[in-house]
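Read the numbers this way: they start at 1 and go in the same order the structure lists the ligands and their atoms.
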Amino acid sequence: MPDLLPTVPDATGHFGPFGGMFVPETLMTPLQDLAQAYEKARQDPAFQLELDQLLHNYVGRPTPLYYAQRWTENLGGAKIYLKREDLLHTGAHKINNALGQILLAKRLGKTRIIAETGAGQHGVATATVCARFGMECVVYMGAVDMERQALNVARMRLMGAKVVPVTAGQATLKEAVNEAMRDWVATVDNTHYIIGSALGSHPFPMMVRDFHRVIGIEARQQILEKEGRLPSMLVACVGGGSNAMGLFHPFLNDADVRMVGVEAGGDGILPERHAARFQGGKLGVLQGTKTWLLANDDGQIELTHSVSAGLDYAAIGPEHAYLQSIGRVEYTYATDTEALAAFKTLATTEGILPALESSHAMAYVHKIAPLLPKTDIIIANLSGRGDKDVEQASKYLL
Ligand SMILES: *Cc1c(COP(=O)(O)O)cnc(C)c1O
């Protein structure tokens, strides 16, 4: 591991060999403009102040770092702390990024926002900030997902967003991303595309990560206040990888802090039955970035499966591919069954219904905590609340 890990990618957005800008020619200039505008905003105290105030007064930051005492005592090993992103406005970490990006869009003079969404969580976060800033909002969503996530579709529409069904292919997230890209190529003059995870072309993976770093910055300060030392281990689930990058990034140069990313193991590591890109995936390019993804031998993107829609995607964010390649972060997976068991454990032990995405991180904590000494400290990111998953969890658990 290098002494000091780079905190920014190179000028074209590479983290080692990963990342980059694999986009149609017409988007190159707008993306370079976006990167420049972001760089300026980042260094502008007025931008940071507006963002910080909204994160505090509107979104509900800082979130608590909660000692899960009963769970810890039941497992009899490392002390478990939960970073409570589930308590944020709209119920998950995604609003941190949606808010940062809409402030940037406003600076760029854009009047229209587009997004795509799978489970609907990012769509809801985007519709929320669009309502707050009076911007036109169009959300692309697979027709199949719209049916599965009717509640989130209604939430978006109630806040004034237009939700456009996408019927191509599997009619899920990947197709919705393609449709959003098509829209953006034609409308980039007045439109900003709020990407919802640490994915896509540069500068998105860096920008999205930065808007979520507040998670790790707070957690670091909070654990030092509570315990007087850094944690032994950080754990987070990894879909595109934004909540994990947000927690991990401020600790990357603390060599004694282990970090574990948990992907979706679905029904187990069989073709088309999971979404664990580091388990049998390969290097390729998908939707703007070069990274680790699930594809067959012809390079065709494979179908994926997970009980949690938010982790059900064929590619992982490029910075995770980099951190895996240099061995700084370990990656493992939890199956649907393990995630559901962890959902139930947290519900009955701590009175917290975690999102099924977050339940994957909790499943790993459940496994590892008893194997670690009581003097160890784990911080696990509780990326979202499980109200949206109640129906699915009831089907399996009641
Ligand atoms: C979307 C989502 C995720 C997965 O996205 P990342 O970018 O990997 O963080 C995880 N947890 C919750 C609650 C989500 O809504």
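- For a threshold of 3.5 Å applied to N or O pairs, the pair formed by L311 and ligand 1 contains no separation below that value.
- Considering H212, Q121, K94, E357 only, the shortest heavy-atom separation from atom 5 (O) of ligand 1 involves K94.
- Residue C237 places a heavy atom less than 4.0 Å from ligand 1.
- Considering both main-chain and side-chain atoms, S197 comes within under 3.5 Å of ligand 1 through a nitrogen or oxygen pair.
- Counting non-hydrogen atoms of neighbouring residues, nucleotides and ligands closer than 6.0 angstrom, the NZ atom of K282 exceeds 12 such neighbours.
- In this structure N74 satisfies the side-chain contact (heavy atoms from CB on, under 4.5 Å) test together with T349, sequence neighbours excluded.
- Taking the six-membered ring for Trp and the full ring otherwise, the centers of H89 and Y58 sit less than 6.0 Å from each other.
- The G384 neighbourhood of ligand 1 comprises atoms 13 (C), with distances under 4.0 Å to a heavy atom of that residue.
- Judged by the 6.0 Å and 45° rule, R220 forms a cation-pi pair with F251.
- Residue H93 touches ligand 1 through its side chain alone, judged by heavy-atom distances below 4.0 Å.
- If you look at S242 next to ligand 1, the close heavy atoms, those under 4.0 Å, come from the backbone and the side chain alike.
- Ring-centre distance between F47 and Y38: not below the 6.0 Å cut-off.
- Counting atoms of ligand 1 from 1 in the listed order, those under 4.0 Å from a heavy atom of A355 are 13 (C).
- Residue-ligand proximity, G310 to ligand 1, at heavy-atom distances under 4.0 Å covers atoms 4 (C).
- A ring-centre distance under 6.0 Å is not found for F18 and Y322.
- Ring planes of F204 and Y193: tilted class, angle from 30 to 60°.
- Not a single heavy atom of A198 sits less than 4.0 Å from an atom of ligand 1.
- Its side chain outside the 4.5 Å cluster rule for every partner, L270 clusters with none of the Ile, Leu, Val, Met, Phe, Trp and Tyr residues.
- The aromatic rings of Y67 and Y81 are tilted relative to each other, their planes meeting at an angle between 30° and 60°.
- Of all the heavy atoms of E85, none lies under 4.0 Å from any atom of ligand 1, so neither backbone nor side chain is involved.
- The N/O atoms of S358, backbone and side chain alike, include none that comes under 3.5 Å of an N/O atom in ligand 1.
- Of the polar atoms of S383, at least one N or O is found under 3.5 Å from an N or O of ligand 1, judged by distance alone.
- When each atom of ligand 1 is checked for a heavy atom of G239 under 4.0 Å away, the hits are 8 (O).
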